[in-house]
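Just so we're on the same page: letters track the sequence lines, and every chain starts at 1.
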Number of protein chains: 2
Amino acid sequence: MRTTSADLDSDLGWALGVVFRAYVKASRSATADIPGGHRGFQVLTAAASTPPGNQRTIAQRLGIDRTVMTYLLDDMEKAGLLERQADPADRRTKLIVATDHGRSALDELCRRLNRLESHILAGLPGDDQAALKALLQRLAAGINKLDPIASTCDVIEDINAG
Amino acid sequence: MRTTSADLDSDLGWALGVVFRAYVKASRSATADIPGGHRGFQVLTAAASTPPGNQRTIAQRLGIDRTVMTYLLDDMEKAGLLERQADPADRRTKLIVATDHGRSALDELCRRLNRLESHILAGLPGDDQAALKALLQRLAAGINKLDPIASTCDVIEDINAG
DNA sequence: TATTGTTATACTCTATAACTATA
DNA sequence: TATAGTTATAGAGTATAACAATA
């Protein structure tokens, strides 16, 4: 009577969870010297990119609640990693830009996390590692381009109706 | 002087996070009628497999703390989805087995989550969807085969030393 | 002595709501 | 009226430590 397989090994959610948790756990120590761990690293990466984004833009891209973003930026600003700058175009928003100290810290973090990526992916042969990264990044870019909240809610409606 | 790229789009952690969050968010409504959401589904899947596992085995495989597992199983047992059974081989452990009600609920959940997978992966062409799933599952199987905690700690030591 | 599972507690992370200031 | 950001509060989720039963 079973119409669908009930095997954990074939469940996308399980596989995603295992790999994601492995990444988060492994990155914990590599990012221990900045606030927010691996998310602090992502915020710092966004802060070092041009043109600078405001809090809402970065929070949305990284899947961080705007209230959480406030606290995280407070800690990172105190640590001298980035600054909130006034946006000449809109006085409500604050542009997030990395300091020189933040940029050099980012250099070191990038090196550590690149090594970490290699370890995480070490279970696959080299060609497959590149293929997996490319596929994940294309998929993530597609998901992130949509309005994150509205799109998934629509999907859910479809699924539970159909 | 930048030796490594600082682009979010090329960061594995970012891509993993975006896809994983999209999955969790979309599965929230699909698994709303069982305790624990998408993790409850995974526990139920494990409970329906043979031979049955004990709490520790399942918790380790699913990345759930053993104390959290106790509460989750309490709720799922109250909902009549599974049972704790005495293990004749070791009277300390309890085997987790799905009830008939749990198995039929699992059938319906599998159907919903299969549809949901299709939606999540819709940003990629069909061939790439299959390739991504296969790669993720191979990688997850490799990561999960190792002792989850010890292995990642060793990795971290290597990375921070090297 | 080590392990499985339970319980109580404390902690972290996240979300909700109310507020200010700008648009 | 709507939006960006802040703050305080409450809530969910998670981890820590102590315990009983068993190996």
Engineer: For the residue pair B/L132 and A/L132, establish whether any side-chain heavy-atom pair is separated by less than 4.5 Å.
Structural biologist: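 Yes - at least one pair of side-chain heavy atoms lies under 4.5 Å apart.
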
Engineer: Restricting to non-hydrogen atoms, name the atom on B/T67 and the atom on B/D65 that form the minimum distance, rounded to 0.1 Å.
Structural biologist: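 Answer, listing the atom of B/T67 first, then B/D65: OG1-OD2, 2.6 Å.
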
Engineer: Taking all atoms of both residues into account, what is the closest heavy-atom pair of A/L95 and A/P52, and its distance?
Structural biologist: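 It is CD2-O, 4.0 Å.
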
Engineer: Under 3.5 Å, is there a donor-acceptor pair between the B/D107 and B/S104 side chains?
Structural biologist: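 No pair is found: no donor N or O on one side chain lies under 3.5 Å from an acceptor on the other.
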
Engineer: Going 5' to 3' through nucleotides 9-14 of chain C, assign each nucleotide B (protein heavy atom under 4.0 Å from a base atom), S (under 4.0 Å only from sugar-phosphate atoms) or - (no protein heavy atom that close).
Structural biologist: -----S

Engineer: A/Q55 has an atom CD; how far is it from atom P of C/dT22, in whole Å?
Structural biologist: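 After rounding, the gap between these two atoms is 15 Å.
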
Engineer: With the threshold set at under 4.0 Å for non-hydrogen atoms, list the residues of residues 84-95 of chain A touching DNA chain D in residue-number order.
Structural biologist: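 A/R84, A/R92, A/T93, A/K94 - these, ordered by number, are the residues of the stretch whose heavy atoms sit under 4.0 Å from the strand.
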
Engineer: So which heavy atom on A/L81 is nearest to which on A/A105, and how close?
Structural biologist: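 Smallest heavy-atom distance, with atoms named: CD2-CB, 3.9 Å.
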
Engineer: Taking the side chain as C-beta and beyond, is there a heavy-atom pair between A/K133 and A/L121 under 4.5 Å?
Structural biologist: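 They are in contact (side-chain heavy atoms under 4.5 Å apart), so the answer is yes.
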
Engineer: Starting from P on D/dT6, measure out to CG on A/D74 and report it in whole angstrom.
Structural biologist: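 To the nearest whole Å, that distance equals 6 Å.
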
Engineer: Provide, to the nearest angstrom, the distance between the CG atom belonging to A/L73 and the P atom belonging to D/dA4.
Structural biologist: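 So the CG-P distance, A/L73 to D/dA4, works out to 15 Å.
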
Engineer: So which nucleotide from C/dT4, D/dT16, D/dA4 ends up closest to the side chain of B/R66?
Structural biologist: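 The listed nucleotide nearest to B/R66's side chain is C/dT4.
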
Engineer: What is the separation between atom CG on B/L72 and atom P on D/dA12, rounded to the nearest whole Å?
Structural biologist: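 The distance from CG of B/L72 to P of D/dA12 comes to 15 Å, rounded to the nearest Å.
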
Engineer: What's the CZ-C1' distance between B/R56 and C/dT3, to the nearest Å?
Structural biologist: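 So the CZ-C1' distance, B/R56 to C/dT3, works out to 9 Å.
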
Engineer: Just to confirm, is there a sub-4.0 Å distance from OP1 or OP2 of D/dT6 to any side-chain nitrogen or oxygen of A/T70?
Structural biologist: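 Yes, within the criterion.
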
Engineer: Have A/R61 and A/Q42 got a donor and an acceptor in their side chains that come within less than 3.5 Å?
Structural biologist: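 Distance-only check fails for A/R61 and A/Q42.
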
Engineer: In this structure, which one of B/T99, B/L73, B/I96 forms a side-chain contact (heavy atoms from CB on, under 4.5 Å) with B/E83?
Structural biologist: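 It is B/T99; the other options fail the test.
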
